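Order of the sequence lines sets the chain letters (A, B, ...), proteins ahead of strands, with each chain counted from 1. When reading the values below, keep in mind they use all heavy atoms of this one structure, side chains included, and skip hydrogens, waters and symmetry mates. Everything numeric in this text was worked out from a predicted model, so none of it was measured.
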Number of protein chains: 2
Amino acid sequence: MPGAIQSIERAAAVLRLLGGAGRPLALAELAAALDLPRPTVHGIVRTLRVEGLVEQDSSTSLYSPGPGLRSLAEGWDRHDLRSRAMNWADALAGSSGCAVYLGVPAGRAVSLVHHVFRPDGSPQRLRTNTEQPLHATAWGKCLLAFAPVATPALRDLELHRYTRRTTTTVTALETQLAGARRRGCATDVGEFEAGIGGAAVPLRTGGGLAVAALGIAGPVEELFGAGGEPRPRLVEQLTAAGREISAFLGAAR
Amino acid sequence: MPGAIQSIERAAAVLRLLGGAGRPLALAELAAALDLPRPTVHGIVRTLRVEGLVEQDSSTSLYSPGPGLRSLAEGWDRHDLRSRAMNWADALAGSSGCAVYLGVPAGRAVSLVHHVFRPDGSPQRLRTNTEQPLHATAWGKCLLAFAPVATPALRDLELHRYTRRTTTTVTALETQLAGARRRGCATDVGEFEAGIGGAAVPLRTGGGLAVAALGIAGPVEELFGAGGEPRPRLVEQLTAAGREISAFLGAAR
DNA sequence: GCACGTCGTTCGACAATGTCGAACGCCCGG
DNA sequence: CCGGGCGTTCGACATTGTCGAACGACGTGC
């Protein structure tokens with residue numbers, strides 16, 4: 001099919017028009033400039049609006065370039081992400097009673113961009129801006145499972161042993177990741193620090209692309225039930241927070 | 001059709017993936033991440049490459065975000081445009097023997113971002129960063145003709161009279177613009193300064209969107225033949241330069 | 001050096017999919 | 001109150017994108 005895809009060409013033209021004209025444009029203007037019927041253009045801008053690449057003023061109904069364009073060009077940077085997720089992260093710490101971490105991929109490791117202390121007043125060390133292994137933490141495994149293109153291939157990881165429970169073989173790690181994908185949530189049962197476990201869910205931007213992991217951490221016996229499964233109440237709170245942050249990052253209102 | 005357009009959604013997802021992964025990606029990686037057949041993804045990236053939103057390394061054939069993404073998000077700013085067009089503008093002045101201007105839309109006027117003196121050594125005043133009327137200069141009319149969304153509607157212009165030949169009615173201006181569109185080149189026969197004429201062609205970015213006008217200026221009798229038509233040799237040089245700059249700004253390849 | 005795997009790419013048939021005429025409700029100016 | 005503009009929805013049609021199959025090139029491990 002050596003030919004360009006029509007609708008994508010047209011969508012690009014719409015974006016260029018909106019960016020080039022320094023002011024919000026009406027649908028009819030776009031349609032006239034592109035020499036296309038209004039319903040056709042409307043379908044395109046509706047899609048772009050859902051993707052967050054175009055905004056529509058709710059009162060004038062004029063269209064202008066959306067915030068997603070910038071993030072398309074530059075990706076999400078860590079500070080951006082942190083400031084947007086902070087409110088939910090704090091609330092999650094309060095409701096779950098756990099420490100909360102926000103991790104993004106950084107080469108062969110996961111970098112923690114945010115850390116909320118567990119709200120019980122116990123002594124804790126701030127872990128912001130530290131790096132942790134991908135294969136031994138809930139947030140690391142979460143990124144491996146849901147953001148495969150932003151993380152190294154499994155066979156390129158050094159599966160260093162941190163505790164007795166650390167996973168050190170590729171195949172075992174793969175089955176864990178498959179389970180995490182199925183469940184929508186990755187876990188760590190004391191694999192990095194003995195006795196300290198965690199659970200993490202992906203944060204996704206507009207297109208469903210995972211860009212970060214939101215995790216909670218605490219004593220293993222507090223996070224996990226007898227069967228080794230994470231406690232449903234916590235998983236629910238975690239996934240709910242993840243969904244909300246994703247919805248906020250993601251374009252779709 | 002209250003549903004998103006599939007191919008545009010997918011294209012956006014591709015762009016996000018390429019932007020999110022900090023490294024060039026292989027086609028197969030994209031296909032795997034999107035869970036789509038490789039030919040399907042190939043069609044999408046081919047289109048995006050033509051649009052300049054994606055680049056493909058010719059040796060590794062890996063895909064990465066293209067330069068057009070940035071210009072999508074920010075449009076072309078005047079300094080950018082100037083630096084990119086300068087080489088050709090200087091050469092055009094040399095070969096044509098005329099002064100060369102580069103104009104961009106600025107509200108109800110055309111703003112001159114670059115000015116090359118005519119190479120005959122005659123005394124001239126630098127016009128960079130001055131504004132001139134849209135309706136009375138070749139570059140202004142060029143923008144009106146080819147960049148209608150970035151310029152005001154004709155009826156919102158004040159058609160002020162500068163010389164005896166200035167066009168001061170909307171209908172006359174419209175027929176001139178139609179002629180310019182047909183010819184691909186707008187002209188000015190001493191309508192702003194008596195005896196000084198000009199000709200201008202649009203500069204287009206990736207999608208064919210006109211963002212600036214490239215013009216030459218000189219004595220009317222030098223630029224125009226007896227019939228009032230611009231001299232073919234000059235028009236040819238001008239359009240050739242415009243094509244080359246557009247190709248450089250433009251995405252393709 | 002052969003066979004194999006994987007890559008990016010092309011071809012082509014099918015049907016899913018986007019396109020666009022017609023029509024709706026809405027707001028504004030006459 | 002009407003006429004004309006807007007953004008938006010509906011729906012039938014056929015255009016158009018999708019994807020299985022296949023090709024040539026490249027690199028690898030028997």
> Between atom CD1 in B/Ile44 and atom P in D/dT16, what is the gap in whole Å?
Replying inline: 17 Å
> Does the side chain of B/Gln6 get closer than 4.0 angstrom to OP1 or OP2 of D/dT18 through an N or O atom?
Replying inline: yes
> Heavy-atom distance under 4.5 Å between the side chains of A/Arg10 and A/Leu34, does that happen here?
Replying inline: no
>> For B/Tyr162 and B/Phe192, take the angle between the two ring planes, folded into 0 to 90°, and tell me which bin it lands in: parallel under 30, tilted 30 to 60, perpendicular over 60.
In response: perpendicular
> Taking the same atom, C1', in C/dG30 and in D/dG7, what whole-Å distance lies between them?
Replying inline: 22 Å
> Would A/Thr47 and B/Glu9 count as having a side-chain donor-acceptor pair, cut-off 3.5 Å?
Replying inline: no
>> Does A/Arg38 have more than 12 heavy atoms from other residues, nucleotides or ligands lying within 6.0 Å of its CZ?
In response: no
>> I need the CG-C1' distance between B/Leu36 and D/dG17, as an integer number of Å.
In response: 12 Å
>> C/dC20, OP1 or OP2 - any side-chain N/O from A/Thr40 closer than 4.0 Å?
In response: yes
> Taking the same atom, C1', in D/dT18 and in D/dA14, what whole-Å distance lies between them?
Replying inline: 16 Å
>> Tell me the interatomic distance from A/Leu30, atom CG, to D/dC6, atom P, rounded to whole angstroms.
In response: 12 Å
Between N or O atoms, less than 3.5 Å apart, protein on one side and nucleotides 7-9 of chain C on the other: list the pairs.
residue : atom : partner : partner atom : Å
C/dG8   : OP1  : B/Leu27 : N            : 2.6
C/dG8   : OP2  : B/Ala28 : N            : 3.0
C/dT9   : OP1  : B/Gln56 : OE1          : 3.2
C/dT9   : OP1  : B/Gln56 : NE2          : 3.0
C/dT9   : OP2  : B/His42 : ND1          : 3.1
C/dT9   : OP2  : B/Tyr63 : OH           : 2.4

>> Just the rounded figure in Å: distance from P of D/dT15 to CD1 of A/Ile8.
In response: 20 Å
> Between A/Leu36 and A/Val41, which heavy-atom pair has the shortest distance, and what is it?
Replying inline: CB-CG2, 3.8 Å
>> Tell me the closest heavy-atom pair linking B/Glu191 and B/Arg165, and the distance in Å.
In response: CG-O, 3.4 Å
>> Tell me whether the side-chain N/O atoms of A/Arg10 come closer than 4.0 Å to OP1 or OP2 in C/dC20.
In response: yes
